[in-house]
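What follows is a short report on a single structure.
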Amino acid sequence: MNAQLQSALSGEFKLVINGRLVEGASTFDVINPATEQVLVRCPRADPAQLNEAVAAAKAAFPSWSVRPIEERRQLLLKLADTLTAESESIARLLTCEQGKPVAYAAGEIAGSVEMIRTFAKMDLPIKVLKEADGARIVQQRTPLGVIGAITPWNFPVILLMIKLAPALLAGNTVVAKPAPTTPLTTLRIGELCARIFPAGVVNVITDQNDLGDALTSHPDVAKVAFTGSTATGKKVMASVAGTLKRLTLELGGNDAAIVLDDVDPKEVAPKIFNGAMFNTGQVCLAIKRVYAHDSIYDALCTELAKLADAARLGDGLEPGTQFGPLQNKAQFEKVKGFIEDARAHGKIIAGGTIEKDRGYFVRPTIVRDIPDDSRLVREEQFGPVLPVLRYRDIGDAIARANASEYGLGATIWSSNQARAFEVALKIDSGTVWINKHLDLPPDVPFGGAKNSGLGREMGQEGLEEFTQAKVINMPG
Ligand code: NAD
């Protein structure tokens with residue numbers, strides 16, 4: 001094992017329950033996706049440990065929720081400082097378990113710190129709704145209780161912080177459950193939290209995709225904040241129904257990029273390529289299909305293919321790596337299936353190959369002349385395989401972009417911002433970017449339309465999602 005890997009994995013990994021680091025009831029292997037080697041044996045919680053974690057969070061709630069928000073804010077800022085101090089080692093750990101190049105892993109940690117600091121600046125003041133006609137009506141936002149925070153494997157750290165920071169600021173307590181293939185950074189962060197917050201305020205359990213339902217249906221969990229696939233999101237929604245929990249769902253996407261006829265293909269291609277391939281395409285809001293105007297279609301395909309051919313793949317710990325592997329074997333097999341579909345129905349003009357003997361590496365792949373009803377266009381590929389489709393009429397492009405069960409994000413590319421804005425108004429998604437992508441300021445709400453989700457994360461709305469609005473109505 002090389003020195004970098006060794007230092008990233010140093011120390012033990014334990015569950016965090018009631019402020020204590022505890023062994024799991026059993027263990028499971030965590031695999032390095034760049035080498036397919038076992039990184040470590042990770043603790044695995046059983047249902048009894050899940051119940052202990054929820055009970056600890058429930059017991060911690062009464063005193064945590066009545067602490068002045070200023071004190072909760074200070075502790076969050078301490079977490080931000082601690083994460084900053086530990087950022088190098090956590091970034092390396094993230095690379096080992098997730099696969100992304102270490103520079104991007106460091107970016108995820110820096111983004112997580114910014115996320116915490118942004119929420120730590122927010123407030124939940126009592127709001128006057130009405131002061132007239134002899135009445136004074138105000139609204140107070142109160143915490144909910146225990147939050148079940150469930151995260152996926154593509155951005156395990158920042159997607160945890162999007163939930164943890166607002167939940168804690170608002171006065172809730174948390175039981176976090178990471179994805180089984182990327183549990184290590186969450187366990188490490190849980191350990192840091194155990195040093196900062198009172199016992200039971202932050203708990204971390206891990207599973208092998210078998211404790212989700214027990215957490216989401218638990219009678220002592222008040223809200224579930226879930227990020228993951230649409231298929232699992234539907235199961236979560238069914239599971240919380242029995243207890244009528246509050247629920248935020250951040251789910252899958254199949255984001256369209258519409259490229260108008262007035263762009264310079266050479267200039268937009270790198271931005272579109274990055275928007276599609278960042279994190280090896282494993283981004284919920286990645287560009288997952290491109291609709292390019294007939295007049296620039298060939299030139300854009302050529303430029304995208306050049307970028308794909310030049311991509312540098314490798315172990316994320318190696319300097320100069322631009323793209324790491326896919327995160328896990330199941331996703332690797334799924335993406336290979338999309339490539340086979342593309343080969344059968346379209347024309348692969350770059351990539352389409354498996355890069356190495358070991359590790360889940362797929363070269364960035366560009367596919368042209370593929371029909372709208374192919375799997376690669378209809379489904380979420382969640383990998384580095386990008387279909388480029390031709391349109392002649394902008395109305396047709398908008399209709400095809402909207403003809404999806406998903407509605408997470410979209411991008412419009414044009415040299416005329418006013419024209420692009422007119423198109424953006426007609427797109428059915430939670431966010432539309434114009435001439436940029438992957439820009440997610442933590443103080444701006446984010447979420448999906450249609451099957452891409454329910455509710456919002458980030459911004460003041462993202463904070464208020466962790467509260468109950470209460471109206472107090474009195475004579476004025
Ligand atoms: P997934 O749905 O397989 O798993 C997500 C989490 O849910 C994991 O922690 C998993 O253990 C847990 N889980 C599994 N079964 C469960 C159940 N029955 N009840 C409760 N929890 C359960 O998703 P994934 O494959 O890890 O992540 C990829 C997906 O996440 C993609 O579809 C991607 O678009 C989506 N995603 C969405 C956003 C967003 O903000 N909208 C962000 C990142 C990823």
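For ligands, and for the atoms within them, numbers begin at 1 and follow the listed sequence. None of the values given here were measured: they were computed from a predicted structure.
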What pairs meet the salt bridge (charged side-chain N to carboxylate O under 4.0 Å, His left out) rule with one or both residues in residues 42-58, with sequence neighbours excluded?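 Output for this query lists Arg44-Asp210, Lys58-Asp220.
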Determine which pairs satisfy salt bridge (charged side-chain N to carboxylate O under 4.0 Å, His left out) with at least one residue from residues 20-33, sequence neighbours left out, and list them in order.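 Output for this query lists Lys14-Glu23, Asp29-Arg41.
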Around atom CD of Glu340, are there more than 12 heavy atoms from other residues, nucleotides or ligands closer than 6.0 Å?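 Yes, CD of Glu340 has more than 12 neighbouring heavy atoms, counting only those of other groups under 6.0 Å.
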Greater than 12 external heavy atoms within 6.0 Å of Glu88's CD: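 No, CD of Glu88 has 12 or fewer neighbouring heavy atoms, counting only those of other groups under 6.0 Å.
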Those protein residues which place at least one heavy atom below 4.0 Å from ligand 1: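 Its neighbours under 4.0 Å (heavy atoms only) are Ile150, Thr151, Pro152, Trp153, Asn154, Leu159, Lys177, Pro178, Ala179, Pro180, Asn209, Gly212, Asp213, Phe226, Thr227, Gly228, Ser229, Thr232, Val236, Glu250, Leu251, Gly252, Gly253, Cys284, Glu380, Phe382, Leu408, Phe446, given by chain and number.
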Using side-chain contact (heavy atoms from CB on, under 4.5 Å), reason through Phe382 and Val335 one step at a time and then give a plain yes or no. CA-CA 7 Å; Phe382 217 59; Val335 170; 5.9 Å; no
Just grab all the side-chain hydrogen bond (donor to acceptor under 3.5 Å, both in side chains) pairs involving residues 189-201, residues at least two apart or on different chains.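 Pairs touching residues 189-201 that pass the test: Arg188-Glu191.
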